[in-house]
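Scope of the values below: all heavy atoms of this structure, side chains included, with no hydrogens, waters or symmetry mates.
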Amino acid sequence: MSQLRTRFAPSPTGYLHIGGLRTALYSYLYAKKNGGKFILRIEDTDQGRYVEGAVEIIYRTLHETGLNYDEGPDVGGDYGPYIQSQRANEYMFYAKKLVESGHAYYCFCSEERLESLPAVNGARRYDKHCLSLSKEEVEKRIAAGEKFVIRQNMPTEGSTTYHDAVYGDITIDNSELEDQILIKSDGMPTYNFANVIDDHLMGINCVMRGIEYLSSTPKYNLLYDALGWERPMYIHMPPIMKDAQHKLSKRNGDASYEDLIVKGFLKDAIINYIALLGWSPKDDTEKMSFDELLAKFDVSGINKSPSIFDPLKLAWLNSLYIKEMSPEAFAEYATPWIDNCYLKNFDKALVCKLIQSRIETFAEIEDKLRFLVDFGAFDSSLYDNQKQKTDATVAKEILPLVRDKFDKVKTWDNQHLYEALIELAQELGVKNGKVLWPARIALTGLAATPGGASEIAELLGKSETLRRLDSSIAQLN
């Protein structure tokens with residue numbers, strides 16, 4: 001094989017779904033691992049589904065995620081055009097060549113006739129009705145302005161076999177192959193025809209795509225054979241499932257890359273997780289940098305069975321990336337979410353220090369920090385903790401002592417505040433938790449918070465801390 005050339009060929013129909021991003025990722029990794037080139041092609045022949053701005057989303061997403069293509073509509077190359085609709089005349093040229101060789105034919109059947117065909121297993125199959133039309137009749141009907149499509153003339157006997165790098169040898173009985181439409185009545189090619197022509201003219205010799213094309217690939221191979229072209233290498237990938245029964249689907253509004261970014265996931269974590277949806281390295285590593293993915297990626301690691309998109313695992317992986325960020329990088333990335341919490345009066349560095357190791361996604365920030373600006377009456381049952389042996393009665397005894405200790409703290413930081421609480425526990429002859437638990441509840445009114453009493457007190461400042469303690473003590477009296 002000459003230099004490896006893979007491609008990603010999305011349709012501009014909306015946001016870039018993670019299934020599409022996985023195809024791009026695998027195609028990029030496989031090309032780069034083998035010294036090849038990764039190509040972007042925009043397949044826009046289905047104008048009815050075109051979404052304004054979708055092409056720019058594709059460009060932006062690929063560049064943001066590091067999947068920089070060697071050739072494409074916005075970067076150029078020697079195998080253009082890289083936008084499918086700009087190749088319209090060539091599709092008709094090759095369709096006519098197939099007609100001349102008997103591998104395709106003109107079809108003038110009306111919608112009414114097509115709908116009258118008998119259904120086989122719930123689907124109507126075309127009956128080659130127009131295959132027998134003479135060349136003269138075809139020319140006469142075209143000249144008269146009759147609408148037509150061009151159909152592929154499928155063999156009706158024997159079988160077609162090809163090899164897939166993941167699923168092995170695939171054999172389909174030719175009798176199962178319908179005479180698919182190559183050129184639609186508006187003169188535009190169908191997806192099945194255009195991608196064969198495009199792949200050949202663009203020198204694509206390795207096609208990576210979803211398993212849904214596994215059974216239709218023989219149709220493509222028959223076109224390659226009919227045109228005397230070499231078939232590409234095929235690598236089909238397992239589906240990404242929403243659950244055991246349902247595929248993750250862009251049409252159903254399931255996760256796109258930009259959705260995940262908005263939900264507070266980091267780019268690196270998204271790419272890492274998407275790589276694991278259908279592939280695993282030989283050493284079963286889960287957290288991998290982009291460079292590590294490139295080094296470890298191998299087609300032999302692609303699974304045959306479906307992968308289920310697990311938001312919890314993605315969140316866990318995202319938390320690992322968050323913990324590794326420098327304080328400065330975390331603060332910069334977290335700023336939009338922190339600003340949404342109206343925390344202008346708080347030390348941003350302390351806010352970030354409090355939450356960086358305690359969130360899985362940035363979208364959690366607002367909820368986790370709401371207590372800093374939203375504090376009021378709360379249920380005294382929150383003081384109940386069997387393990388720490390605390391309840392409202394214990395809190396009523398402990399909290400005035402906590403207030404007194406805090407009031408005397410000279411250096412208002414986590415270390416000195418924590419030492420004051422531990423000192424109080426020692427003076428009372430009780431376990432630390434018997435002081436720490438009610439103190440934290442009194443300052444937040446919440447069962448779970450990012451950080452303990454001393455960390456939260458440092459962030460609130462002395463005045464607000466004492467005010468909250470007074471309020472909580474008053475609720476208990």
Side-chain angles (χ1 to χ4, degrees), residues 312 315-316 319 322-323 338 341-343 345-347 349-361 364-477:
L312 295 179
W316 165 77
S319 72
I322 288 176
K323 288 180 177 71
I338 292 174
C341 303
Y342 306 102
L343 300 180
N345 297 326
F346 291 90
D347 186 317
L350 289 179
V351 171
C352 292
K353 183 180 177 182
L354 183 72
I355 59 173
Q356 181 170 359
S357 64
R358 295 180 171 102
I359 59 170
E360 291 189 321
T361 72
E364 297 172 22
I365 289 176
E366 188 170 356
D367 186 56
K368 286 190 180 294
L369 295 181
R370 188 174 290 115
F371 74 92
L372 292 174
V373 292
D374 184 10
F375 179 77
F378 57 89
D379 192 331
S380 60
S381 66
L382 288 174
Y383 291 113
D384 296 347
N385 186 309
Q386 192 172 10
K387 182 180 178 182
Q388 307 297 349
K389 297 181 179 177
T390 67
D391 56 21
T393 302
V394 171
K396 188 174 181 179
E397 174 191 346
I398 294 285
L399 291 179
L401 303 176
V402 170
R403 190 202 187 283
D404 185 57
K405 280 286 184 185
F406 276 180
D407 192 31
K408 295 174 181 175
V409 170
K410 298 288 189 255
T411 304
W412 195 266
D413 61 22
N414 177 48
Q415 179 184 338
H416 290 86
L417 291 165
Y418 182 74
E419 288 173 354
L421 292 172
I422 300 306
E423 183 180 278
L424 176 59
Q426 291 171 349
E427 290 172 359
L428 295 173
V430 299
K431 290 185 177 179
N432 296 342
K434 200 163 185 176
V435 172
L436 296 174
W437 180 271
R440 187 182 61 79
I441 297 297
L443 292 176
T444 65
L446 297 172
T449 55
S454 56
E455 292 173 285
I456 290 167
E458 177 186 29
L459 189 53
L460 290 171
K462 186 169 186 176
S463 176
E464 177 64 9
T465 295
L466 297 180
R467 186 191 75 78
R468 290 192 179 198
L469 284 170
D470 288 338
S471 175
S472 296
I473 290 168
Q475 286 186 60
L476 292 169
N477 293 324

| Which distance, rounded to the nearest 0.5 Å, do you find between the CG of Asn432 and the CD of Gln426? | 7.0 Å

| task | Would you give the length of the straight line joining atom CZ of Phe371 to atom CD1 of Ile456, rounded to the nearest 0.5 angstrom? | result | 4.0 Å

| query | Could you state the interatomic distance from CZ (Phe375) to OG1 (Thr444), rounded to the nearest 0.5 Å? | reply | 7.5 Å

| Do the non-hydrogen side-chain atoms of Tyr383 and Ser472 ever get within less than 4.5 Å of each other? | yes

| task | Output the distance between atom OG1 (Thr449) and atom CD1 (Ile355), rounded to the nearest 0.5 Å. | result | 13.0 Å

| task | Using ring-ring contact (aromatic ring centres under 6.0 Å, His included) as the criterion, list what pairs up with Trp316, not counting sequence neighbours. | result | none

| field | Beyond-backbone contact of Val373 with Cys341, side-chain heavy atoms, under 4.5 angstrom | value | no

| request: Flag yes if more than 12 heavy atoms outside Lys389 fall under 6.0 Å of its NZ atom; otherwise flag no. | output: no

| query | Which pairs count as salt bridge (charged side-chain N to carboxylate O under 4.0 Å, His left out) when at least one residue sits in residues 364-380, sequence neighbours excluded? | reply | Asp367-Arg370

| request: May I ask you to test the Tyr418-Leu436 pair for a side-chain heavy-atom distance under 4.5 Å? | output: yes

| Of Leu401, Val402, Val409, which is the lone residue that meets side chain to side chain contact (heavy atoms under 4.5 Å, CB included) with Leu421? | Val402

| Does Ser471 use its side chain to pair, donor to acceptor, with the backbone of Arg467 at less than 3.5 Å? | no

| task | Decide yes or no on side-chain contact (heavy atoms from CB on, under 4.5 Å) for Trp437 and Val394, but give the supporting numbers first. | result | CA-CA 10 Å; Trp437 180 271; Val394 171; over 6 Å; no

| Lys353 and Glu458 ion-paired at < 4.0 Å | no

| message | A side-chain contact here means heavy atoms from C-beta on lying under 4.5 Å apart; do Pro450 and Ile359 qualify? | response | no

| query | So with a 6.0 Å cut-off around NZ of Lys431, is the heavy-atom count from everything else above 12? | reply | no

| field | Inter-residue atom distance Glu464.CD - Leu469.CG, 0.5 Å rounding | value | 10.0 Å

| task | Indicate the atoms forming the closest heavy-atom contact of Pro438 with Thr390, along with that distance. | result | CD-CG2, 4.0 Å

| task | Flag yes if more than 12 heavy atoms outside Lys405 fall under 6.0 Å of its NZ atom; otherwise flag no. | result | yes

| query | Could you state the interatomic distance from CG (Leu372) to CZ (Phe346), rounded to the nearest 0.5 Å? | reply | 4.5 Å

| task | Using the test side-chain contact (heavy atoms from CB on, under 4.5 Å), find all partners of Gln356 that sit at least two apart in sequence or belong to another chain. | result | Ile322, Met325, Phe330

